Amino acid sequence: MRILIILIFISNLTFAQYWGGQEINESDLTNWIPKFEIEYAGTYHFGESESESDFHLFFSGDCIIGQVQNGYWEENTGIWKSNYITLTNILIDKKGKFTSDQHSGQFIRYKTESGDLVKGIRIDNPWTSWIENSKFEIGTRTQLKFENIYYGKFNEASSRKLNIEELKQMSSEDLKLMRNEIFARYGYTFKKGGEMDKYFRKQEWYKAQHKKVEQYLTEIELYNIELIKKTE
């Protein structure tokens with residue numbers, strides 16, 4: 001018998017085939033096919049405590065951005081650090097099937113005992129390490145708020161493709177800050193005592209954690225970094 005794991009905000013210490021203390025049947029899952037693809041945009045919450053993660057999905061122009069945000073205990077230091085999995089080549093078909101180079105699944109609705117339909121996404125090859133490959137994991141959809149995931153003065157540099165005309169209106173100081181802020185959001189460690197190090201250490205949201213963050217950058221962020229460099 002296949003075991004279904006569904007993990008949401010509701011506190012529940014028993015995982016396996018339970019949600020909110022109630023056993024889940026696969027027959028209560030149906031494909032979620034909205035009128036417009038953009039309705040899939042949102043934050044999908046998985047797990048609890050140390051196994052907790054959020055999958056942020058949004059559309060910007062011709063781009064579909066999907067990024068998993070979770071964390072881990074660093075082995076040598078015991079420090080809790082943020083981690084990101086940026087999905088590439090995301091496609092969503094007309095039946096709500098989700099594919100990418102890293103993870104794939106299906107957008108679904110789950111019918112609760114009370115008759116409510118919960119929107120979510122089923123991931124068939126979960127990023128949660130303790131889930132066996134033969135199982136899948138479901139995250140429930142909540143509203144996506146860019147200010148809660150992209151901190152800083154210029155969060156638009158991570159949420160949409162910028163254009164050269166708007167950048168020309170900015171000072172060289174702000175352009176430099178905007179570009180480096182993209183890296184800072186992922187906890188990039190700047191040169192100690194340098195201008196960016198001094199600035200970002202004064203920001204409440206900033207935590208210096210990683211010496212390298214290029215692997216986390218999204219298609220939008222990579223595009224904007226190059227555009228800002230040209231403008232600078």
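In this text the structure is predicted, and so the values were computed from the model without any measurement.
- Under the 30°/60° scheme for interplanar angles, the aromatic rings of W127 and H103 are found to stand perpendicular.
- Linking ILVMFWY residues whenever their side-chain heavy atoms come closer than 4.5 Å, directly or via other members, places Y206 and V213 in the same cluster.
- A side-chain hydrogen bond (donor to acceptor under 3.5 Å, both in side chains) with D54 is found for one member of Q69, Q67, H45 and no other, namely H45.
- Between the side chain of S60 and the backbone N or O of C63, no donor-acceptor pair lies under 3.5 Å.
- In this structure, NZ on K212 lies 14.0 Å from OG1 on T189, to the nearest 0.5 angstrom.
- Checked by atom type, the side-chain pair T43/H56 shows a donor-acceptor distance below 3.5 Å.
- For the atom pair CG of D124 and CZ of F136, the computed distance is 7.0 Å after rounding to the nearest 0.5 Å.
- Residue K97 holds its NZ atom at 13.0 Å from CD1 of I92, rounded to the nearest 0.5 Å.
- Here the closest non-hydrogen pair linking F46 and I138 is CE2-C, 3.4 Å.
- In summary, the aromatic rings of F190 and Y188 are positioned with their centroids under 6.0 Å apart.
- The two atoms that bring E165 and Q169 nearest to each other are O-CG, 3.4 Å, heavy atoms only.
- The number of heavy-atom neighbours closer than 6.0 Å to NZ of K161, taken from other residues, nucleotides and ligands shown, is above 12.
- In terms of the side chain to side chain contact (heavy atoms under 4.5 Å, CB included) criterion, residue partners of W205 (sequence neighbours excluded) are, by chain and number, Y151, E181, A184, R185, F200, Q203.
- Residues A208 and R201 come closest through the heavy atom pair CB-NH2, 3.9 Å.
- Rounding to the nearest 0.5 angstrom, the gap separating the OG atom in S53 from the CD atom in E137 is 6.0 Å.
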> Would K229 and E226 satisfy salt bridge (charged side-chain N to carboxylate O under 4.0 Å, His left out), going step by step from the backbone distance to the final call?
Replying inline: CA-CA 5 Å; K229 282 182 179 179; E226 291 306 311; 3.8 Å; yes
>> Between K94 and I33, is the side chain to side chain contact (heavy atoms under 4.5 Å, CB included) condition met? List the steps.
In response: CA-CA 7 Å; K94 293 182 179 180; I33 307 175; over 6 Å; no
> side chain to side chain contact (heavy atoms under 4.5 Å, CB included) between K230 and L167: does it pass, once the steps are laid out?
Replying inline: CA-CA 10 Å; K230 291 179 181 179; L167 295 182; over 6 Å; no
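- In terms of hydrophobic clustering, with Ile, Leu, Val, Met, Phe, Trp and Tyr side chains grouped at heavy-atom distances under 4.5 Å, F55 and Y84 are assigned to different clusters.
- Side-chain atoms of Q102 never come within 3.5 Å of backbone atoms of I85 as a donor-acceptor pair (strictly under, hydrogens ignored).
- Transitive grouping of hydrophobic side chains (ILVMFWY, heavy atoms separated by less than 4.5 Å) brings Y216 and M178 into a common cluster.
- Looking at every heavy atom in both residues, N31 comes nearest to K95 through ND2-O, 3.9 Å.
- Between S158 and T218 the shortest side-chain heavy-atom distance does not fall below 4.5 Å.
- No path of Ile, Leu, Val, Met, Phe, Trp and Tyr side chains, each step under 4.5 Å between heavy atoms, connects I149 with I38, placing them in separate hydrophobic clusters.
- In terms of heavy-atom proximity, T86 sits nearest to L217 at CG2-O, 3.7 Å.
- For the pair Y40/P34, a side-chain contact is recorded, criterion being any heavy-atom separation below 4.5 Å from C-beta on.
- Expressed to the nearest 0.5 Å, how far CZ of F98 lies from CD1 of I108 amounts to 14.0 Å.
- Taking CG of L91 as the reference point, atom CG of D93 lies at 9.0 Å (rounded to 0.5 Å).
- Here the two rings, on F146 and F58, have centers that are under 6.0 Å apart.
- Applying the salt bridge (charged side-chain N to carboxylate O under 4.0 Å, His left out) definition to pairs two or more places apart or across chains, those involving residues 69-91 are E74-K81.
- The side chain to side chain contact (heavy atoms under 4.5 Å, CB included) test with F154 singles out one residue from L162, I228, L177, N224, and that residue is L177.
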> Yes or no on side chain to side chain contact (heavy atoms under 4.5 Å, CB included) for L57 and I64, after CA distance, side-chain angles and deciding distance?
Replying inline: CA-CA 7 Å; L57 178 71; I64 304 178; 3.8 Å; yes
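- Scanning for salt bridge (Lys or Arg N to Asp or Glu O under 4.0 Å) contacts around D116 gives an empty result, with sequence neighbours left out.
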> Could you go step by step and tell me if K176 and E195 meet the salt bridge (charged side-chain N to carboxylate O under 4.0 Å, His left out) rule?
Replying inline: CA-CA 11 Å; K176 183 178 180 180; E195 179 185 356; 2.9 Å; yes
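- At a cut-off of 3.5 Å, with distance as the only test, no side-chain donor of E221 or Y150 sits close to an acceptor on the other residue.
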> For W32 and L117, what are the C-alpha separation, side-chain angles and deciding distance, and is it a side chain to side chain contact (heavy atoms under 4.5 Å, CB included)?
Replying inline: CA-CA 10 Å; W32 170 26; L117 289 174; over 6 Å; no
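- Shown here for I90 and S100, the closest heavy-atom pair between the two residues is CG1-CB, 3.9 Å.
- Residues L144 and F59 do not share a hydrophobic cluster, clusters being chains of Ile/Leu/Val/Met/Phe/Trp/Tyr side chains in contact below 4.5 Å.
- For the residue pair D101 and T88, a side-chain donor N or O sits within less than 3.5 Å of a side-chain acceptor on the partner.
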